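Okay, so here's the structure we're looking at.
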Amino acid sequence: MFINRALIKFAQGTEKKIIQAVLFQLLTTFILSAIALCMSFLIKQLIVNGQIIRITTIVLILIIFSLYLALKILSKINVKIVINAGVSIKDNVRTQIMQQLFLLGPAFVNTMRTGFLTSTFTTRVEWLMNYYTKYMPVVLSAIINAAVFIVFLTYIDLYTGLVALISVLIMLFIPMCFFNMMKEKGKQEWNNHAKYYSECLDGIQGMISLKAFNADKKYVKDIKECGEDYRKSIMEHLRVTIIEGTFLEFFVRVGTAITIAILGWRCAYGYVDEGWLIIAFFSIEATFSPMITLISAWHLGFQGVSGSYSINEFLQIESENIISNQIIPNKRMLRDGLTEYMENGEKGKNLNILEKDFNLLFNGVSFKYPKSEKNAVEEISFELKKGKIIAFIGNSGSGKSTIASLIAGFYRPQKGDIFLNGTKLDNETLGFFHNNISAVWQDNHLFSGTIYENIKMGNWSAGKEEIYRASKDAMIHELIMTLPDKYNTKVDELSSKFSMGERQRIAIARAILKNTPIIIFDEATSSLDRKNEIYIQRMMEGLKEKKAIFIIAHRLSTILMADEICIMEKGRIVERGNHQDLLQSSQIYNELVGGML
């Protein structure tokens, strides 16, 4: 039987339901075996007595009919139990995967293809569920059933029981011989599945670019090649499965035939009482019949084992940039436990929000991305206080967005420290930083749902009036009210209904609604027209008194609001000061400002 530590771990929280599924499958197998035994007694009665209508015969027929009826009822109940167990297993495993994904955060997600993550969430979890609901119950019930009847056959005749035992052990041993080969083929199939899935998603998400550049032919060719690789890996996996199944069926048939032959030979020479012969024949059939079902069950079992390896590898990934807070704990939990934790965390989320004086301090911070040889930012120091706007400018790739990501807690610096009111940023205090910082990114994502739900994401406890007020401050309320469904307007996955500027204003409304003391604006006005840009700038100026604002900008009008401007070049702050001072003293600043005009 295939089993490993990961499979044992994934069963936690659903042990009772899995045991129920196994017991009901075992009961089903025993009923089928009991029907076979009753048939043997019925045939024996007919042969010995030569009469059909006898009380004993009628009783046996009624018992067989009752067992068949019980089998039908039990099968329906078993289906419900298996579905219930499967749902619980999928919920718990997907909860752990999702929790791990959120703990790893953007630092990990940005390095992985969407198809790999989607494949892990969907197909691999489904295969893992099949292990517990379709493989384990069948295997355990077949083994237990075989053990019971082998003991019975041994009681009738020792040699017959030994032959049956050896045949069953060979059938259980054969899959182990193919294990390493199946593991390798399964891993290859998973990788090709994830690659094919990723290519398909790329095509869907990049449809506009494909059409704009007339690149359909090249993309279709790539998809075809990935699909062919996936098909070949499936066929290779199935080829090994078929060979394995052939050997299994061969030994089931041969084992049954040899056991019957040994029993007949022993009976012919007087070692077995003739009165037991018919019952023993049917007992042999009851021993080996459930083993036939193992042929298909082994494949499901190995799929589950293969899925468990890849899922467990994902859950074991470690990172220095763990993103845990009151909502997502560092320790992985099952669904019910995580739900309770999140509800309690949501209640206490607003307890540690700074309201009076606050400051964010970068002290000699240096950081480089994984697998990068040079620092993205180096020796960065600045202080952001209440009532202050600080702007970072510079050419693309100079490190501005990296600093914003460090403020948001997506990464941890390799050198230097980041403090918020004296609290150092680390894995334990990240929740405190998240509660006090909100951000409007250059590439804002709107989630599938309604506009109302997307804005309310900033503060789930906010009422309708608060959401309306935040939307008005972000200059998006009037536009929303012109839509047929207003705030209930559906947002699709790619937000194709809205322009870049409209999406940005919805994101700004979301950040305003969160009402944190520190706000990051990463090119927040880059996609707005001049009229709305002016309005948003006034809104920022209005927020300045109560907030601390960090801005990344390429527009001069946005930079002019800043109390301090930091010029980035090759990951370092090379100049700093206000607009007037830099205009007079910095050649770099004059060149950058000239490019903005």
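These numbers come from a predicted model, not from an experiment.
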Taking all non-hydrogen atoms of both residues into account, name the closest pair between [X] and [Y] and its distance.
X: D229; Y: N192; value: O-ND2, 3.4 Å
X: K368; Y: E373; value: NZ-O, 4.1 Å
X: P413; Y: V365; value: CB-CG1, 3.5 Å
X: P137; Y: T133; value: CG-O, 3.5 Å

Exercise. When you look at S438 and T516, which way does the side chain to side chain donor-acceptor pair (under 3.5 Å) test go after all the steps?
Worked result: CA-CA 6 Å; S438 57; T516 57; 2.8 Å; yes
For this session: Determine whether F10 and N92 make a side-chain contact, defined as any pair of heavy atoms from C-beta on separated by less than 4.5 Å.
Result: no
For this session: Give the intermediate values and the outcome of side chain to side chain donor-acceptor pair (under 3.5 Å) for residues N375 and K415.
Result: CA-CA 10 Å; N375 288 332; K415 180 183 176 183; over 6 Å; no
Are the charged groups of [X] and [Y] less than 4.0 angstrom apart, N to O?
X: R253; Y: E249; result: yes
X: R231; Y: E228; result: yes
X: R94; Y: E126; result: yes
X: K456; Y: E453; result: no

Output all residues satisfying ring-ring contact (aromatic ring centres under 6.0 Å, His included) with [X], sequence neighbours left out; order by chain, then residue number.
X: Y487; result: Y468, H477
X: F550; result: F392
X: F247; result: none

Exercise. Is the backbone of F432 close enough, under 3.5 Å, to the side chain of N436 for a donor and an acceptor to pair up by distance?
Worked result: yes
Problem set entry | Check: S119 side chain, F116 main-chain N or O, donor-acceptor pair, under 3.5 Å |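 Here the side-chain-to-backbone pair does not exist.
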For this session: Evaluate whether atom NZ of K224 has more than 12 neighbouring non-hydrogen atoms of other residues, nucleotides or ligands under 6.0 angstrom away.
Result: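 Check fails, neighbour count at 12 or below.
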Problem set entry | Residue pairs passing the salt bridge (charged side-chain N to carboxylate O under 4.0 Å, His left out) test where at least one lies in residues 11-26, sequence neighbours excluded | none
For residues 397-408, tabulate all N or O donor-acceptor pairs below 3.5 Å that involve a side-chain atom, not counting sequence neighbours.
residue, atom, partner, partner atom, Å
S398, OG, N395, O, 2.7
K400, NZ, G394, O, 3.1
K400, NZ, N395, O, 3.2
T402, OG1, Y369, OH, 2.7
S405, OG, S401, O, 3.1

Exercise. Nearest 0.5 Å, what's the NZ-CG distance between K514 and N435?
Worked result: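 Here the interatomic distance stands at 7.0 Å.
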For this session: Apply side chain to side chain contact (heavy atoms under 4.5 Å, CB included) to A474 and list each qualifying residue two or more places apart in sequence or on a separate chain.
Result: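 Side chain to side chain contact (heavy atoms under 4.5 Å, CB included) check on A474 returns I476, I508, A509, I512.
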For this session: Apply the test side chain to side chain donor-acceptor pair (under 3.5 Å) to residues R412 and N427: give CA-CA distance (whole Å), side-chain angles for both, the deciding distance (0.1 Å), then the verdict.
Result: CA-CA 9 Å; R412 309 289 178 274; N427 291 345; 3.0 Å; yes
For this session: Compute the centroid of each ring, for Y132 and then for W127, and state whether the two points are separated by less than 6.0 Å.
Result: no
